[in-house]
S.K.: 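Dropping a structure here in structure tokens format, bear with me for questions.
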Amino acid sequence: MLSNKFGRLMLGLYSRKRSAVCGVTRSGFSWTAVCKQRTLWLQRSACLKTQQHAVPCSVSLRSVSQTTVDPDEVRRFQSLAGKWWDEQGEFAALHAMNDLRVPFIRDNLLNVHNTRHPGKPLAGLRILDVGCGGGLLTEPLGRLGASVLGIDPVEDSIGTAQLHSSYDPDLRDRVCYRACTLEELSAEEEEEEGGEEEQGAGQFDAVVASEVVEHLADLETFAFCCSHVLKPGGSLFITTINKTNLSYALGIVVAEQLLRIVPSGTHDWEKFISPVELERLLESNGFSVQSVQGMLYNPVSGAWSWTNSTAINYALHAVKVRDEQAGESGSHPEDDTAATHS
């Protein structure tokens, strides 16, 4: 039976059922203004991309559903909220991923900001960790000197993160957590800006969303809110899973159903996104993609390594375009750096 499934998978005939997405709203959430800001940005940037980068209608015209939260995902991670710091448990692969993603974030931020603080290389930078879970990535970024805010819609996960970080005095003034969504945080910032027409300057030097976008209900809302909370020139870091037959075979069939590396049902293949699609989405929301790098997990050694292929996992670094860059009609330097998608 399993071999039959693999056969149908390789032929691209394996049927997959899309998860239902439910809308969640919050009182005081001014999405009229948020959507207006996004529309203004799209109108302004569309003219710049027409000749060289035609944005697909599925990206440029898709409506904002007002929430990134999928209730099914929240319930799933609620049941795992107490297991984040078990390095041999369900999140072992995420613990191991720090060997790649922490240096990836650190080195790219140092290249962008060109500052040096011996011992605390990220000192003076504010980072937002979206979908932080139990703080597996938030803590090491804080130890590098950054001021890090971790947010997650699962309150029990935030409780786990707060409890774990409380044991390290070095993190008390650098790391904090909130049980909220990205769009709620973005709306709060909008209110602080006083409802200005132009995009706000943002408050973070970097936004990190590691192994998050494949669990979200609305990537348009995610991309826009990331741009909204970032300072001009700020960095966005994403690690996620490509949408390929190979990623389905290894990421779901093998990892979830056979080897049980992650709990069964953790991923929905329909939510995976290719590097090309993700780059188009980010560009339509005011980002310039700087680099895309493939990642590979070895289930035998439990270690991650960089690879030239993005067929399964990949890491992406993008920068929020500054106003003066948005007004230029020149070429896009990121074309060469992101041309090696597999």
S.K.: I need the minimum non-hydrogen distance between Pro140 and Gly135, along with the two atoms involved.
M.R.: CD-O, 4.3 Å
S.K.: List for me each residue that meets salt bridge (charged side-chain N to carboxylate O under 4.0 Å, His left out) alongside Asp205, sequence neighbours excluded, and say none if there are none.
M.R.: Lys231
S.K.: Is there a side-chain contact (heavy atoms from CB on, under 4.5 Å) between Val112 and Leu110? Walk through the geometry before answering.
M.R.: CA-CA 5 Å; Val112 170; Leu110 291 180; over 6 Å; no
S.K.: Show the nearest heavy-atom pair for residues Trp84 and Ser157, with the distance to one decimal.
M.R.: NE1-OG, 3.0 Å
S.K.: Would Val212 and Leu216 count as a side-chain contact (heavy atoms from CB on, under 4.5 Å) if you check the C-alpha gap in whole Å, the side-chain angles of each, and the deciding distance to 0.1 Å?
M.R.: CA-CA 7 Å; Val212 169; Leu216 300 181; 3.9 Å; yes
S.K.: Would you say that Ile105 contacts Leu137 through its side chain, given a criterion of any heavy-atom pair below 4.5 Å between the two side chains?
M.R.: yes
S.K.: Could you list the residues that satisfy side chain to side chain donor-acceptor pair (under 3.5 Å) with Ser210, not counting sequence neighbours?
M.R.: Arg101, Thr239
S.K.: Is the closest side-chain heavy-atom distance between Val292 and Leu278 below 4.5 Å?
M.R.: no
S.K.: What pairs with Ser305 under side-chain contact (heavy atoms from CB on, under 4.5 Å), at least two apart in sequence or on another chain?
M.R.: Leu296
S.K.: Applying side-chain contact (heavy atoms from CB on, under 4.5 Å) to Val289 and Val319, what does each step give before you reach the verdict?
M.R.: CA-CA 6 Å; Val289 174; Val319 172; over 6 Å; no
S.K.: Listed by chain and number, what are the ring pair (Phe, Tyr, Trp, His ring centres under 6.0 Å) partners of Trp304, not counting sequence neighbours?
M.R.: Tyr297
S.K.: Rounded at 0.5 Å granularity, tell me how far OG in Ser274 sits from CG in Asn242.
M.R.: 5.5 Å
S.K.: List for me each residue that meets side-chain contact (heavy atoms from CB on, under 4.5 Å) alongside Ala92, sequence neighbours excluded, and say none if there are none.
M.R.: none
S.K.: Would you say that Ser235 contacts Phe237 through its side chain, given a criterion of any heavy-atom pair below 4.5 Å between the two side chains?
M.R.: yes
S.K.: Rounded to the nearest 0.5 Å, how far does SG of Cys225 lie from CG of Leu185?
M.R.: 9.0 Å
S.K.: Mind checking what makes side-chain contact (heavy atoms from CB on, under 4.5 Å) contact with His95, not counting sequence neighbours?
M.R.: Trp85, Glu87, Phe91, Leu136
S.K.: Rounded to the nearest 0.5 Å, how far does CG of Leu149 lie from OG1 of Thr138?
M.R.: 8.5 Å
S.K.: Counting C-beta onward and ignoring hydrogens, is there a side-chain heavy-atom pair between Met295 and Thr307 closer than 4.5 Å?
M.R.: no
S.K.: Return yes if some donor-acceptor pair links the side-chain N/O of Ser227 with the main-chain N/O of Phe224 below 3.5 Å, else return no.
M.R.: no
S.K.: More than 12 heavy atoms of other residues, nucleotides or ligands under 6.0 Å from CG of Asn298: yes or no?
M.R.: yes
S.K.: Does Asp86 come within less than 4.0 Å of Lys83, counting only side-chain N to carboxylate O?
M.R.: no
S.K.: Hey, which of Leu282, Thr240, Leu236 is the one that makes side-chain contact (heavy atoms from CB on, under 4.5 Å) with Leu316?
M.R.: Leu282
S.K.: If I take atom CD1 from residue Ile127 and atom OG from residue Ser147, how far apart are they, to the nearest 0.5 angstrom?
M.R.: 8.5 Å
S.K.: Quick one, Gln293 and Tyr314 - any side-chain contact, counting heavy atoms below 4.5 Å?
M.R.: no
S.K.: Mind checking whether Thr67 and Glu183 have side chains closer than 4.5 Å, heavy atoms only?
M.R.: yes
S.K.: Among residues at least two apart in sequence or on other chains, which ones pass ring pair (Phe, Tyr, Trp, His ring centres under 6.0 Å) with Tyr177?
M.R.: none
S.K.: Using a 4.5 Å cut-off on heavy atoms from C-beta on, say whether the side chain of Val229 contacts that of Val207.
M.R.: yes
S.K.: Excluding sequence neighbours, so at least two apart, what forms side-chain contact (heavy atoms from CB on, under 4.5 Å) with Gln78?
M.R.: Val154, Asp156
S.K.: Check Lys320 against Leu230 and note the closest heavy-atom contact, atom names and distance.
M.R.: NZ-O, 2.8 Å
S.K.: At what distance, to the nearest 0.5 angstrom, does CD of Gln162 lie from SG of Cys176?
M.R.: 9.0 Å
S.K.: How are the rings of His164 and Tyr167 set relative to one another: parallel (under 30°), tilted (30 to 60°) or perpendicular (over 60°)?
M.R.: perpendicular
S.K.: Salt-bridged, Glu188 to Arg178, with N to O below 4.0 Å?
M.R.: yes
S.K.: Run Ile238 and Phe222 through side-chain contact (heavy atoms from CB on, under 4.5 Å) and show every step you take.
M.R.: CA-CA 12 Å; Ile238 294 174; Phe222 165 79; 4.0 Å; yes
S.K.: Could you list the donor-acceptor pairs under 3.5 angstrom formed by side chains in residues 119-126, with sequence neighbours left out?
M.R.:
residue : atom : partner : partner atom : Å
Lys120  : NZ   : Arg143  : O            : 3.1
Lys120  : NZ   : Asp170  : OD2          : 3.1
Arg126  : NH1  : Gln203  : OE1          : 3.2

S.K.: Before accepting this row, confirm whether a basic side-chain N of the pair Glu73/Lys271 lies closer than 4.0 Å to the acidic partner's carboxylate O.
M.R.: yes
S.K.: Between Asp152 and Phe77, is there a side-chain heavy-atom distance shorter than 4.5 Å?
M.R.: no
S.K.: Is there a chain of hydrophobic side chains (I, L, V, M, F, W, Y, each step under 4.5 Å between heavy atoms) that links Val148 to Leu163?
M.R.: no
